[in-house]
Structure formats: structure tokens, C-alpha cells
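Below: one structure, written as C-alpha cells.
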Number of protein chains: 2
Amino acid sequence: MSITIKDVAKYANVAPSTVSRVIANNPRISDRTKEKVREAMKELGYHPNFIARSLANQSTQVIGLVTPGSSDVFFQNPFFPTVLRGLSEGAHENQYALQLVTGQNEEEIYNGVVQMVQGGRVDGVILLYSKVEDRILMYLRERNFPFVMIGKPFNFVEEITHVDNDNAQAAKDATDFLIELGHERISFIGGDENLVVTVERLTGYENALTQASLPYREDYILHQSFLLEGGQDAVCELMELPLMERPTALVVADDLMALGVLNTLNELGISVPEDISILSFNNVLTSEMARPPLSSVDINIFNLGYNASKHLIERLKNPEVPVKRVIIEHEIVKRFSTEAPVHK
Amino acid sequence: MSITIKDVAKYANVAPSTVSRVIANNPRISDRTKEKVREAMKELGYHPNFIARSLANQSTQVIGLVTPGSSDVFFQNPFFPTVLRGLSEGAHENQYALQLVTGQNEEEIYNGVVQMVQGGRVDGVILLYSKVEDRILMYLRERNFPFVMIGKPFNFVEEITHVDNDNAQAAKDATDFLIELGHERISFIGGDENLVVTVERLTGYENALTQASLPYREDYILHQSFLLEGGQDAVCELMELPLMERPTALVVADDLMALGVLNTLNELGISVPEDISILSFNNVLTSEMARPPLSSVDINIFNLGYNASKHLIERLKNPEVPVKRVIIEHEIVKRFSTEAPVHK
DNA sequence: TTGTAAGCGTTATCAT
DNA sequence: ATGATAACGCTTACAA
């Protein structure tokens, strides 16, 4: 058994409550007593028991992290470790710990969240994704449990504190960038259609086309899951178009997918950027590693995580803070996968 | 405030202790009462409070995860998400939750571990790395706190349950593979020398050379941190050797590093596998994505994590289980970066 | 400024 | 088979 507050109290000849107050640095305890108690704590090697404290306080100083149902895919993506680093840093600065909800599918994860929340294991929750219909979000909302979302909520945008990029704008910027290079046939390869980020980026892409009076073609729009193979399938589809209708540039929703695209093009003998330009999203390590290095929209993943932690904790410390929408800036990082088209 | 065991007790007209026994499915409670109590729990939407339970039980059902001090680098590596998936699955199957120790440097992480452990936040700990001198390991060992290590402990191998590959054998197999292809000048590009895995793999490499009576050259051994740029520097060094002394094959300790190597070779106009073969480790997504796809030693990262969870939990459930050394199999996955040398 | 005691929601021991 | 009650280690009125 460990050293408890009582042991310290005895050792320092004070009451347990006094020790507790010293820990909390309560100003109404005399400096002499504080000194004495702190001495005793050192001497005995005392460490406060978080569990007991949590029970008394009704607060654990732990944040629950929720990944999307398809965690295996999500984990593969370099997005995850980076956002986790941000979350971790934000949490650590405020002495919060991070706990992962585990589970194989959405059902298991949902149950995990319910247990965490009702079981009082966590003070708040961060959703690392945003999708169209989400039981977990609904649940948290109904219970009025503190949570922050990374991404833009599909519903209740005004009621849910979230940290996000302006993905519509980012996709518009990306598309504009290609248009300004002179491209007119631009394809959009997006991710899972149930993710809000996909929807938003598609909107931005469309807006850019409209504004530039370029035609919008259904068969230029492809949706694949956020993974390598997705990129490969997509390319094959596009390359079945008649030569003169094939896109000269691609907006790809994810670096990993873009890498799949790149490899497939490579195998088909189509070269980047000479024959086709690629502009992707996320700017993870992958984009630098690719040959040619990919131009990519840097969405500042670390900051996404960092701010999510910060704002959730702020809310936990002061439940009065209003709902916030935090937008993290994005930036196009030009590398070597985007050039002007060799005209028609 | 939430529904407690007392509310359920009242609603079902029994004592709180009875409710508790129903939760534990204690056989000495009549089926009728169980039925009645369960009904009440459903009716009221009761969920047990983990914190209170933890306090009473002196056990949290939470496992602490410790990453190496240089977490930022570690997080970047695809190793991390994969091992996490394995850990998560093993934990989930046994209803354990995972909590991350956060911190920027080794000092902070050490303090985090101490707090976690002494604060009673976790029942056991998994170290996701193994390094040469490790305060954290020493601390856990001295306190006799349950933990499992992924990797091979530098000291006390017989006393510490760990899950590992046979890295020496794996590196020997890798080197042998190249030797059998006909290579005689083989370089080893390893990672951080403070990591035990690096040491082990180097040993395996040396053994292979010795057994094949190939000379061991200091200048063929390079150590870089486990990252992309590391690979680049390493290549430059090797390519400064006189033409006829340059290695024809490379054993690279990590896929990510191998990718750096590959790109640099590419830029130098050296082609793989024609001019130089590359065999790397880990077989993460990266190795498939590379061009040419990299031959790699699959070390079964997922299983590493899965078994670590399993064995720690086994130990937690039954403190009597003896120390174990669990070896996860490895396998060379041949792709296109390894060929026989164009013999000079 | 400090001590006493109740309470946080469980579990477990001892009665009955 | 079930109920009372103490205990887990801490916090926080309320007293002194």
C-alpha cells in the first residue's frame, strides 16, 4: 500500500485536511505549516492518489480521444500521429492525460464512449473526425457532455465547439491554383463521402470551377476511401476517358491517396507534372517523400490537435465560455507535382 | 449528478450491496432478485462509476503507454500507429483502456510515468521502446510495478516480460539474403545507437558477414536517427567512397530511412536495384509505396502490440505468471529493391 | 489558521 | 440470499 495523506498528516503532526490544503496551496495555511508538510511529503515520498481525488472532485483530468469507426484506416494515415502530437502537447501543458477509446467498429467505439462518459472516466471528449450522421456526437450533445470536434460538424455548427480548417476555401484555393496555371480539365479525387471534410472540399472545388466558368463534369469527381489503393482505382477510371477529355490536373484529398495516384500514373507511363499535375492535401511527410515531391495544401495538423486540447480544457475549467469555431490557417506548399499544362 | 448504485437499490427495493453483487454477477444472489435489479438498472439508465470502483478495488483497468523521450520522431514513424492498433485490440478484448503518457522530453515523460504509477491511474505500463539506459525502466523495476516492454531489455532480460522480434536473427537473415544474391560489399544503415533494436540488428549483420567470411568494414556502418533525412545523409557518406569500394547492397534499419536513401540515390543517378540493392525493416505501408517497392523484413508490428497488451493483462489478472519472453516471427517480403549485383 | 467529519460511489466483510 | 457498515484516499463545509 502507498503513502497516503494520513501518513503525511501524522508525520507532520497535522490533520489530513491540512495536508490536502497544502497540496492545493490554500492561502489560509501558514507558511510554516506548509513548509513542514511539504517536508513530510518529500520525506515519505508521497504522491497524491488521482483516483481518490477524482472521486472527491468529480473530475479526472483526463480527456477521451475518439477515432472514427474505421480506426484501422484512420490509424494508417499520417494525419493521426501528427494530430495526436498536437493533442498531447495541448493536454500536457495543462496537466491533462489522454485516454483512447478503443474498438474495432463504430458500435464498439460508441459503447466505449458511453462507458467512458457515464463511468466518469473522462472530463471531456475530443472527436478526431467529423462525419455526416454520428451517433456519438448525438449522444454527447444530448447529455450536454463537454466535447470538441476536429473538423466541421455536419449539424449544429453553431452549437458545437470545433477546430477546423476552412476546407471549402482550401479546396477552392487549391483549384484556383491549378486554374491559374492554365488548367481547364481538373478532376477531384475525394475521400469517404460520409466525412464532412470531403463534402466541404468538393464544394470548394465546385466553387472554383464555377467562378472560372469551367464546366463541371460528374465523371471528374471520384470518391475513394482515404487510402493508397483508392488512389490507384481512381486513376484507372480517369484514364479510360477519351484522350482529349482526360484531366490535366488532379485535386486529391489526401497525400496518401495522391501517392497511390502517382504510382499508378507512373506505371501507365504518364508523367507528373509534364502530363498531369497533382495537388493534394495535408502536407504530411508522404508528400516530401514522393517522387516528384508533391505540392500539397498544408492544413497544419499539429495545430488542429493542439487547439482542440486547449479549447476543450478551457471549457472544462470554465463551463461558461461560449461555443467557438476555431479556424486553422492553411497554405499551399508548392513542390514539383504542379506545372502549367502542355497545352492541348 | 448521475444515477448511482443507491438509486438503483431504492428503485429495486434492495440494499446497495445487493446491486453491487448483481453487477458482479455474484452466484449467491437469487435469479429473481438479479432480474429485478437489472430491470431497475435498465429503467434508470444506470452505468457504474469507474472511478469509485477503482478506488474500492485499487485497480483501474487502465494501461499506461510510454513512448520514448523523442516522441515527435517516434510518432512520425508508421511503426507507432500500427503498434497502437495492436495494443488497442489486445486491451479492448479484455476491457482495458489505454492512457498515453505525454511529454516533450525524457524528463517530462519520466515525471508523467511516476505520476501515473504513484497516482494509481494505471494498473500496468507498456514501454513501446527499449533503450540502453532507461530511468523509467529502472523506476518501474524498483517499485516492482507491472510492466511489459516492446523490444528487448538492455539489462535484466531474464526478469522483464517483453515482446520482441529476434532482431539479431532478422538482421542476419536479411544480410544472408543479400549475400545469397551474390553481394559482398554490404552496408548497414542503422538507427539511434541508444536503442537496443539497433544494437541487435547490427550484431546480426556482423554475424552474417563473419559466417560468410566477408570483411567487416567500419566505414560501412552508419547510424542515423530513424528518419527520412537520416537516410539521405547516410547515402552521401557512402557514395564518397572510391567507386570499387562502394557497397552494392544496403541493409537499412527502417523503411522510412530506406525511402530517404532511395530518393537520394535517385538524385545521384544511381538506380535500384540495378546499381544497388536495398533491404529494409518493418514493412510498413511506406515500403509498398516506394518506387521501386522495397523488399523489407516484416516484423509483424501489429502482433508486437497485441501480444504486449495480452501479456500485461494476463500478468495483471494473475500476478503469479512467470516472466516471459515472447518472440514474434519475422519474414522477408521480397519486392523489387533487391537483385543480384551486376558483377564487376 | 487548523481540525473534525461527512461525502464522493463502489466493494467487501460480517452479520442475519 | 440479502442487508448494514466499514473502507478505499481525498476534498470541503463547518467548527473551533
Side-chain angles (χ1 to χ4, degrees), chain A residues 1-41 44-62 95 115-123, chain B residues 1-41 44-62 95 115-123:
Chain A
M1 195 89 327
S2 262
I3 308 292
T4 78
I5 219 172
K6 287 186 189 166
D7 301 320
V8 176
K10 242 169 237 158
Y11 192 90
N13 263 311
V14 295
S17 53
T18 302
V19 177
S20 172
R21 289 184 185 114
V22 172
I23 295 171
N25 201 13
N26 186 320
R28 306 191 314 192
I29 299 290
S30 75
D31 286 354
R32 249 192 90 248
T33 309
K34 278 185 184 171
E35 207 44 54
K36 191 172 58 177
V37 171
R38 292 203 177 110
E39 188 58 34
M41 298 196 310
L44 298 175
Y46 169 78
H47 280 261
N49 181 312
F50 274 104
I51 302 300
R53 178 180 277 192
S54 300
L55 187 57
N57 285 333
Q58 302 286 72
S59 137
T60 57
Q61 299 268 110
V62 176
Q95 327 263 46
Q115 275 201 12
M116 252 193 180
V117 168
Q118 315 257 28
R121 274 200 208 251
V122 296
D123 293 345
Chain B
M1 195 90 326
S2 260
I3 306 295
T4 80
I5 219 172
K6 287 184 189 168
D7 300 320
V8 177
K10 242 170 237 159
Y11 191 92
N13 263 310
V14 294
S17 49
T18 303
V19 177
S20 174
R21 285 190 266 251
V22 173
I23 294 171
N25 201 12
N26 186 316
R28 305 192 314 192
I29 298 289
S30 74
D31 285 355
R32 247 194 91 246
T33 308
K34 278 186 184 171
E35 205 46 53
K36 192 172 57 177
V37 171
R38 291 202 178 111
E39 186 60 34
M41 300 198 307
L44 298 176
Y46 169 78
H47 281 260
N49 181 313
F50 274 103
I51 302 300
R53 178 180 280 189
S54 300
L55 185 58
N57 284 334
Q58 301 288 69
S59 136
T60 59
Q61 300 266 111
V62 177
Q95 326 264 47
Q115 275 202 15
M116 250 191 182
V117 169
Q118 314 257 30
R121 274 199 208 252
V122 297
D123 294 344

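Side chains included, hydrogens not; waters and symmetry mates left out as well; all remaining heavy atoms used. Since we're looking at a predicted model, the values are computed, not measured. Letters A, B, ... mirror the listed sequences (proteins, then strands); counts begin at 1.
In this entry the distance linking CZ of A:R53 with P of D:dC10 reads 8 Å, nearest Å. Straight-line distance from the CZ atom of B:R121 to the P atom of D:dC10: 14 Å, rounded to whole Å. If you measure from atom NZ of B:K36 to atom C1' of D:dA1, you get 11 Å, rounded to the nearest angstrom. Computed from coordinates, the B:L55 CG to D:dT11 P distance equals 12 Å when rounded to whole Å. Look at CD1 on B:I5: it is 16 Å from C1' on C:dG7, rounded to the nearest Å. Across the protein-nucleic acid pair, B:R32 atom CZ and D:dA1 atom P stand 14 Å apart, rounded to whole Å. Here the C1' atom of nucleotide C:dT2 and the CG atom of A:D31 are 15 Å apart, to the nearest Å. For the pair A:E35 CD and C:dT1 C1', the interatomic distance rounds to 17 Å; values are reported in whole Å.
For B:N49, taking side-chain heavy atoms from C-beta onward, the closest of the listed nucleotides C:dT10, D:dG3, D:dG9 is C:dT10. Nearest to the side chain of B:N57, among C:dG3, D:dG9, C:dT11, sits C:dT11.
When atom types are taken as modelled, the side chain of A:N57 and the backbone of A:S59 share no donor-acceptor pair closer than 3.5 angstrom. Formation of a donor-acceptor pair under 3.5 Å by the B:T60 side chain with backbone atoms of B:R121 is found in this model. B:Q95 contributes no side-chain N or O that, together with a main-chain N or O of B:Q61, makes up a donor-acceptor pair within less than 3.5 Å.
Residues B:Y46 and B:I23 are in side-chain contact: their nearest non-hydrogen atoms beyond the backbone lie under 4.5 Å apart. Counting only heavy atoms from C-beta outward, the side chains of A:V22 and A:R38 approach each other to under 4.5 Å.
At a cut-off of 3.5 Å, with distance as the only test, a side-chain donor of A:N25 or A:K34 sits close to an acceptor on the other residue.
Within the nucleic acid shown, A:S17 comes within 4.0 Å of at least one base atom, counting heavy atoms only. Backbone-only engagement by A:T33 is indicated by non-hydrogen atom pairs under 4.0 Å involving sugar-phosphate atoms exclusively. Within 4.0 Å of A:F50, counting heavy atoms only, lies no atom of the nucleic acid at all.
Taking CZ from B:R21 and OG1 from B:T33, the interatomic distance works out to 11.0 Å, rounded to the nearest 0.5 Å. Note that the OG atom of A:S2 and the CD atom of B:Q118 stand 6.0 Å from one another [nearest 0.5 Å]. Rounding to the nearest 0.5 Å places CD1 of A:I5 at 9.0 Å from CE of A:M41.
A close approach under 4.0 Å does not occur between any side-chain nitrogen or oxygen of A:Q58 and OP1 or OP2 of D:dT11. For D:dT2, one of the phosphate oxygens OP1 or OP2 lies less than 4.0 angstrom from a side-chain nitrogen or oxygen of B:S30.
Listed by residue number, the members of residues 18-28 of chain A with any heavy atom below 4.0 angstrom from DNA chain D are A:S20, A:R21. Contacts of residues 6-14 of chain B with DNA chain C (heavy atom under 4.0 Å): none.
Within a 6.0 Å sphere centred on NZ of A:K10, heavy atoms belonging to other residues, nucleotides or ligands number 12 at most.
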